[in-house]
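Some notes on the structure that comes next.
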Amino acid sequence: MARRARDLAAGAAGAVTARRHLLPARLDRALDVAKWARTPWTADACDVPTLVSPRSGRPARVLVGPANFAGQGLAWASALDRAGVPAVCWAFAADPRFRFGADHRAPLTAVHRASRAYQRRVFDRVVETVEAVVIEAGRPLFGRLHGYDPVAEAHALQAHGVRVALLWHGTDIRVPSVHAATHPDSPFGTADARTRSLEAVALRNRRRAAAFDGPVLVSTPDLLPVWPGARWCPVIVDADTWSSDEPLLARDRPLVVHAPSNRALKGTDLVERAVGTLEGEGLLTYREVAGVPADEVRDLYRGADVVLDQFRLGIYGVAACEAMAAGRVVVSQVDAQVRAEVAATGHALPVRDTAPDGLEATLRDVVTDRARARELAARGPAFVRALHDGRRSASVLVDALGLEAPADR
């Protein structure tokens, strides 16, 4: 009986979670408050962040957080610093094993369960110090203080004269059912539990964001149609760190690598199907890695000939930029809309485009016509430096937030 009761409770909780976007905002926030209040945290979660840029030593004008996916929150803050606008990244980590560098870090559960007095001190420090806040991925910065609702937080910050922008990374705003309807190879074609959860999160974020009247930014150009009026704030990659002088396509059997952050989203099953035949014929060597430290992925990319990115979403992001910065041949499926957005900047995306069912033929062509493949790969480092070294991102952030950057920059 007890087990059946737990199963029924779990099923009911799952049903409610999948429909959170349909609940009135007040009830939605109340459920979050109740969730975190079940195990109250009475001590301070961590030190109240100083909000001083560790790079310039100056008080921050901009706070970026709390998601910091792939270290991009820190990258955007650092880019603002280089543009003369001191900034800090404050990140909450659910799992310490997968923390990226940040200026201030705190355990997610500790911050959300912290006392209201602590959360009020953090809020007061922010409004006393910074001119602007960039809220990432629809995740709250101040816990229960505003009902775990980032848009309610945005309104509270704006009421104190702080400029606010919302910044979306991907699955936080991309609606799976819409993607599946427009992409035959979408990873969201089956309405399994994971897809239903992502659908609920995206719809909930969209409902909340509809009440926001400030600038909306997206990290990848495929998201521009997802939120009309949004601006592209490109992801950032340190091209020097990823640079490689390893000869390209000099091996008899080129090394083809794939490092999926998420096998389902990246289409790893499609990759394995294509490369299996070619490896069996002795045309290439295939290596796949997952869940390894970033340094290992960097070494793998820098020594590879071909990097296979993703074949279900139609996008390019941090991983593709890292491989391009290394001067490798990047093969992926990239939507025409994404390529058009890139072309509008005056640059062409140096990624070999292929549909999943054409991946085997594409790889055969890369192995056969190596001169053409080398020419494409050679354009990668310059492309990354032009669009993804942080200058364009900082410019977008400064303009969107209505900040003044130093005239000598």
Side-chain angles (χ1 to χ4, degrees), residues 69-70 72 137 168-203 205-206 218-227 232 235 256-279 286-291 297 300-301 304 306-324 328-342 349-366:
F69 295 149
Q72 288 303 300
W168 305 104
H169 288 262
T171 54
D172 43 22
I173 197 68
R174 183 189 299 112
V175 180
S177 60
V178 175
H179 190 273
T182 55
H183 292 73
D185 299 303
S186 172
F188 311 121
T190 302
D192 55 17
R194 182 179 180 280
T195 299
R196 291 195 297 272
S197 176
L198 290 173
E199 180 99 0
V201 168
L203 290 174
N205 283 337
R206 292 177 66 86
V218 294
S219 66
T220 54
D222 62 290
L223 298 175
L224 291 170
V226 172
W227 195 271
W232 177 24
V235 297
V256 177
V257 305
H258 179 53
S261 54
N262 183 302
R263 290 174 59 87
L265 294 184
K266 293 281 189 174
T268 302
D269 58 325
L270 304 174
V271 169
E272 292 172 340
R273 191 181 311 161
V275 300
T277 300
L278 300 176
E279 191 169 34
Y286 175 65
R287 185 177 175 195
E288 177 187 320
V289 298
V297 174
L300 180 64
Y301 278 14
V306 180
V307 174
L308 305 180
D309 185 24
Q310 61 76 36
F311 299 90
R312 289 196 182 277
L313 290 173
I315 71 173
Y316 86 98
V318 174
C321 288
E322 291 168 343
M324 284 187 281
R328 306 299 96 181
V329 180
V330 183
V331 180
S332 189
Q333 182 190 37
V334 183
D335 288 350
Q337 172 266 328
V338 172
R339 290 183 176 275
E341 295 290 352
V342 173
L349 179 64
V351 170
R352 182 70 182 267
D353 185 26
T354 184
D357 58 6
L359 178 55
E360 181 182 330
T362 296
L363 289 174
R364 287 184 186 276
D365 184 63
V366 168

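The model shown is predicted, which means the values in this text are computed figures rather than measured ones.
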Query raised in the report: Do the charged groups of D269 and R312 touch, with an N to O distance under 4.0 Å?
Result: yes
Query raised in the report: Hey, are the side chains of L349 and V334 touching, using non-hydrogen atoms and a 4.5 Å cut-off?
Result: yes
Report task. Work out which heavy atom in Y316 is nearest to a heavy atom in T220; give both atom names and the distance. Result -> O-CG2, 3.6 Å
Query raised in the report: Going by heavy atoms in the side chains, are L203 and V175 under 4.5 Å from each other?
Result: yes
Query raised in the report: Distance-only, no hydrogens or angles: does the R196 side chain make a donor-acceptor pair with backbone N or O of A191 under 3.5 Å?
Result: yes
Query raised in the report: Considering residues at least two apart in sequence or located in another chain, which fulfil the ring pair (Phe, Tyr, Trp, His ring centres under 6.0 Å) criterion with Y286?
Result: none
Query raised in the report: Nearest 0.5 Å, what's the CG-CG distance between L313 and D335?
Result: 9.0 Å
Query raised in the report: Would you call V256 and L278 a side-chain contact if the rule is heavy atoms closer than 4.5 Å?
Result: no
Query raised in the report: Below 4.5 Å, heavy atoms only, C-beta onward: do V201 and T171 meet side chain to side chain?
Result: no
Report task. Grab the two heavy atoms, one from F311 and one from L270, that are nearest each other, plus how far apart they are. Result -> O-CD1, 3.8 Å
Query raised in the report: Passes side-chain contact (heavy atoms from CB on, under 4.5 Å), V226 versus V218? Steps please.
Result: CA-CA 9 Å; V226 172; V218 294; over 6 Å; no
Report task. Indicate yes or no for a side-chain donor-acceptor contact from T195 to the backbone of F188 under 3.5 Å, with no hydrogens or angles considered. Result -> no
Query - For Q72 against V235, the heavy-atom pair lying closest together - result: OE1-CA, 3.2 Å
Query raised in the report: Excluding sequence neighbours, so at least two apart, what forms side chain to side chain donor-acceptor pair (under 3.5 Å) with S186?
Result: H179
Report task. Answer yes or no: is there a side-chain heavy-atom contact under 4.5 Å between R206 and W227? Result -> yes
Query raised in the report: How about V289 and L300: do any of their side-chain heavy atoms sit closer than 4.5 Å?
Result: yes
Requested in this report: Could you tell me the separation between the CD atom of Q333 and the CG atom of D357, rounded to the nearest 0.5 Å?
Outcome: 9.0 Å
Query - OG-CD1 distance between S219 and I173, expressed to the nearest 0.5 angstrom - result: 11.5 Å
Requested in this report: Please round to the nearest 0.5 Å and tell me the distance separating atom CG of L308 and atom NE2 of H258.
Outcome: 7.0 Å
Query - Nearest heavy-atom neighbours spanning Y301 and A259 - result: OH-CB, 3.9 Å
Query raised in the report: Given side chains that start at C-beta, do those of P225 and Q337 come closer than 4.5 Å, heavy atoms only?
Result: yes
**Report entry** Sequence-distant partners of E360, side chain to side chain donor-acceptor pair (under 3.5 Å), two or more places apart
**Finding:** R364
Report summary line: For D365, the side chain to side chain donor-acceptor pair (under 3.5 Å) test, sequence neighbours excluded, returns R352, R372
Query raised in the report: Got a sec, which pairs hit salt bridge (Lys or Arg N to Asp or Glu O under 4.0 Å) with one end in residues 173-194, sequence neighbours left out?
Result: R174-D222
**Report entry** Interatomic spacing from CD in E272 to CD in E288 - rounded to 0.5 Å
**Finding:** 5.0 Å
Report task. For residues V307 and E322, determine if any side-chain heavy atom of one lies less than 4.5 Å from a side-chain heavy atom of the other. Result -> no
Query - Smallest separation among heavy atoms of P221 and V338, with atom names - result: CG-CG1, 3.7 Å
Report task. Go through the structure and list residues passing side chain to side chain donor-acceptor pair (under 3.5 Å) with Q310, not counting sequence neighbours. Result -> S332
Query raised in the report: From F69 CZ over to D172 CG, what is the distance, rounded to the nearest 0.5 angstrom?
Result: 6.0 Å
Report summary line: On a heavy-atom basis, the closest approach of D309 and A319 is OD1-CB, 3.8 Å
